[in-house]
*Asks:* 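Quick one: structure below, then a few questions.
Values below: all heavy atoms of this structure, side chains included; hydrogens, waters and symmetry mates excluded. Order of appearance sets the numbers: ligands from 1, and atoms from 1 within every ligand.
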Amino acid sequence: MDRILIRGGKPLSGTVHVRGAKNATLPLMAAAILGEKPVTLHNVPCLHDVFSMEKLLNEMGMTSEFTGRSMTLDASTIDSQTAPYDLVRRMRASFFVLGPLIGRYAKARVSLPGGCAIGTRPVDIHLKGLEALGALIAIEDGYVNASGQLRGADFALDFPSVGATENLMMAAVRARGVTRLTNVAREPEISDLARMLVSMGARISGAGTDLITIVGVDSLGGSEHEVIPDRIEAGTFLLAGVGTCGDVTVANTNPEHLPNFLNKLRDAGAEIEIRGARIRAKCCERVRAVDVVTQPFPGFATDLQAQIMAVLCAAQGTSIIKESVFENRFMQVAELMRMGADIDLDGNSAVVRGVPSLSGAPVMASDLRASAALIIAGLIAAKGETAISRVYHIDRGYERIEERLAGLGADIERIRE
Ligand code: UD1
């Protein structure tokens, strides 16, 4: 298994180009199931999760071609509506195929994803929503068996789940009649999915607000669609710059996707400059402590919580970080403490007492965003070397991160084993 070696303590500087958003790409790929003509996605990131979704779609008979950063998906060859356990268990986002399968074929058999490192992550909202749309749902042998012609309905989500909003939107586009989904997620990835579905012929309004209205149509065509930039990747690079007292610009991004995050960076003492699709963050001294509460969009993204914690470990003062989206998302804490961080955990809150600097240590990645946090901590660490093992987690969501950080002046390398 590969490892990443970092000798930290160097301020990062320069410009890094942000790739297409993983969390937008995965549901967009699933939405291609609905198209009676091919869908071509541009700005697709080369990530393990994208390859896993492609494999799953291929398994169902979908034809795909991925060249450069463009992927064409043709659903006309689909001959199976089953998403097998072996593929779904590797990536929870595989569950996105349920909505489009039942919407288009009136039947689907999709393995339940099971738990993951950051909590039990149930799918009850997805299933309740589909039942409200008239699907018959049975859980058998670890699989969700769904059947029935869907009809429009009103449904209020218990929590603005990103995945449930996307699954239900994809299911409802071909339901008979009008669907009103309330208390939906407002993340930019939802609006991106709605934009592509509309370009395929769907009738959707309200994406980006907490009420989405969908008028069912009989069929959907193809689309050519540019995936939005990855706001989490942009945030991760900016944090690496700020944490090392550097001067980093992220290009090809959308500053409107990071409102709360950029304010936190300002509160921590960074100078933020926005020019079109570029964000520059400059920090001349150790950051100041700030309190963070993760929330659904437009709040502070849970997917940036671990990375900002790494930065705040070396801040002046004490920060309180509250995780309110996931039940168990502090996997990075024990490893950060091995690097000299001073953190107390109390349920879903962490008290982070800033120390003058971190020190390098061998550490282990446990999930995608926790791995990014360990990389940032390694870059901050003024003495010693950090060796991160299990880096396959990071390859799920960041494309060649070590090469891009090296381009910003980091002393970082991947040891292939
Ligand atoms: C998506 C993102 C993930 C991000 C998360 C929150 C993708 C591929 N992944 O995950 O990176 O961290 O949004 O921004 O887009 N919940 C239920 N029942 C359900 C569904 C969710 O209780 O049926 C709970 C979850 O356990 C969790 C919370 O709702 O505590 C948020 O989950 P959700 O928004 O659904 O996250 P995902 O779509 O899985």
*Asks:* Which of the atoms in ligand 1, numbered in the order shown and given with their element, are less than 4.0 Å from a heavy-atom of R329?
*Replies:*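 Contacts of ligand 1 toward R329, numbered from 1: 12 (O).
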
*Asks:* Within a 6.0 Å radius of atom CZ on R176, are there more than 12 heavy atoms belonging to other residues, nucleotides or ligands?
*Replies:*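 Open: at most 12 neighbouring heavy atoms sit under 6.0 Å from CZ of R176.
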
*Asks:* Is there any N or O on E187 that sits under 3.5 Å from an N or O of ligand 1?
*Replies:*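 No, E187 has no N/O under 3.5 Å of an N/O on ligand 1.
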
*Asks:* Partners of R151 by salt bridge (charged side-chain N to carboxylate O under 4.0 Å, His left out), sequence neighbours excluded?
*Replies:*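 Result, salt bridge (charged side-chain N to carboxylate O under 4.0 Å, His left out) vs R151: none returned.
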
*Asks:* Give the single entry among A24, P122, A164, S94 that approaches atom 20 (C) of ligand 1 most closely by any heavy atom.
*Replies:*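 Answer by nearest heavy atom: P122.
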
*Asks:* Using a 3.5 Å cut-off on N or O atoms only, is F326 in polar contact with ligand 1?
*Replies:*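 No.
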
*Asks:* Take L150 and R174 through the test side chain to side chain contact (heavy atoms under 4.5 Å, CB included) and record every step on the way to the result.
*Replies:* CA-CA 8 Å; L150 303 185; R174 286 197 52 175; over 6 Å; no

*Asks:* How many angstroms lie between SG in C283 and CZ in R266, if you round to the nearest 0.5 Å?
*Replies:*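 Here the rounded value is 13.0 Å.
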
*Asks:* Quick one: look at T302 and ligand 1, take heavy-atom pairs under 4.0 Å, and tell me if it's side chain, backbone, both or neither.
*Replies:*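 T302 to ligand 1: side-chain contact only, backbone stays beyond 4.0 Å.
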
*Asks:* Run the numbers on H42 and S70 for side chain to side chain donor-acceptor pair (under 3.5 Å), then give the verdict.
*Replies:* CA-CA 4 Å; H42 300 295; S70 298; 2.7 Å; yes

*Asks:* Is there a donor-acceptor contact under 3.5 Å from the side chain of R19 to the main chain of D230?
*Replies:*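 Not at all, since once roles are kept as given, no pair shorter than 3.5 Å links the two residues.
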
*Asks:* Would you mind listing which atoms of ligand 1 come within a distance below 4.0 Å of any non-hydrogen atom of V325?
*Replies:*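 Near V325, the atoms of ligand 1 are 27 (C), 28 (C), 30 (O), 31 (C).
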
*Asks:* Sorted by first residue and then second, give each salt bridge (Lys or Arg N to Asp or Glu O under 4.0 Å) pair with at least one member in residues 122-132; sequence neighbours left out.
*Replies:*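 Of all non-adjacent pairs touching residues 122-132, those that pass salt bridge (Lys or Arg N to Asp or Glu O under 4.0 Å) are K128-D158.
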
*Asks:* A93 to ligand 1: N or O pair under 3.5 Å?
*Replies:*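 Not met; the criterion fails.
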
*Asks:* For ligand 1, which is the ligand I care about here, please tell me if E327 has any N or O atom under 3.5 Å from one of the ligand's N or O atoms.
*Replies:*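 No: no nitrogen or oxygen of E327 is under 3.5 Å from one in ligand 1.
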
*Asks:* Would you mind listing which atoms of ligand 1 come within a distance below 4.0 Å of any non-hydrogen atom of G163?
*Replies:*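 Answer, ordered by atom number: 35 (O), 38 (O).
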
*Asks:* Can you tell me which portion of R92 lies within the under-4.0 Å heavy-atom range of ligand 1? Options are side chain, backbone, both, or neither.
*Replies:*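 Contact part for R92 vs ligand 1: side chain (C-beta onward).
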
*Asks:* Going by distance only, is there an N or O of I125 that falls short of 3.5 Å from an N or O of ligand 1?
*Replies:*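 Yes, since at least one N or O of I125 sits under 3.5 Å from an N or O of ligand 1.
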
*Asks:* Considering the options R400, R369, R404, which one meets the salt bridge (Lys or Arg N to Asp or Glu O under 4.0 Å) requirement together with E233?
*Replies:*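 Of all the options given, the one that passes is R404.
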
*Asks:* Which bit of E323 gets closer than 4.0 Å to ligand 1, counting heavy atoms only: side chain, backbone, both or neither?
*Replies:*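 Contact part for E323 vs ligand 1: neither.
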
*Asks:* Hey, looking at atom 13 (O) of ligand 1, which of T165, V162, D158, L26 has the closest heavy atom?
*Replies:*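 Comparing heavy atoms across T165, V162, D158, L26, the nearest one to atom 13 (O) of ligand 1 lies in V162.
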
*Asks:* Considering only heavy atoms of V123, which atoms of ligand 1 have at least one such atom less than 4.0 Å away?
*Replies:*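 What qualifies from ligand 1 is 19 (C), 23 (O).
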
*Asks:* Hey, is ligand 1 close enough to D124 that some N/O pair sits below 3.5 Å?
*Replies:*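 Right, the criterion is met.
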
*Asks:* Is the closest N or O pair between S161 and ligand 1 shorter than 3.5 Å?
*Replies:*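 Checking ligand 1 against S161, an N or O pair does fall under 3.5 Å apart.
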
*Asks:* Taking atom OH of Y85 as the centre, does the number of heavy atoms from other residues, nucleotides or ligands within less than 6.0 Å exceed 12?
*Replies:*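 No, because the 6.0 Å sphere around OH of Y85 holds 12 heavy atoms or fewer from other groups.
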
*Asks:* Quick check on M53 - does any of its heavy atoms sit under 4.0 Å from an atom of ligand 1?
*Replies:*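 The answer is no: ligand 1 sits nowhere under 4.0 Å from a heavy atom of M53.
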
*Asks:* Assert yes or no for the condition that the ring centre distance of H48 to Y392 is strictly below 6.0 Å.
*Replies:*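 No, ring centres 6.0 Å or more apart.
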
*Asks:* Cation over ring, R109 on Y143, under 6.0 Å and within 45°?
*Replies:*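 Ring-cation test returns yes.
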
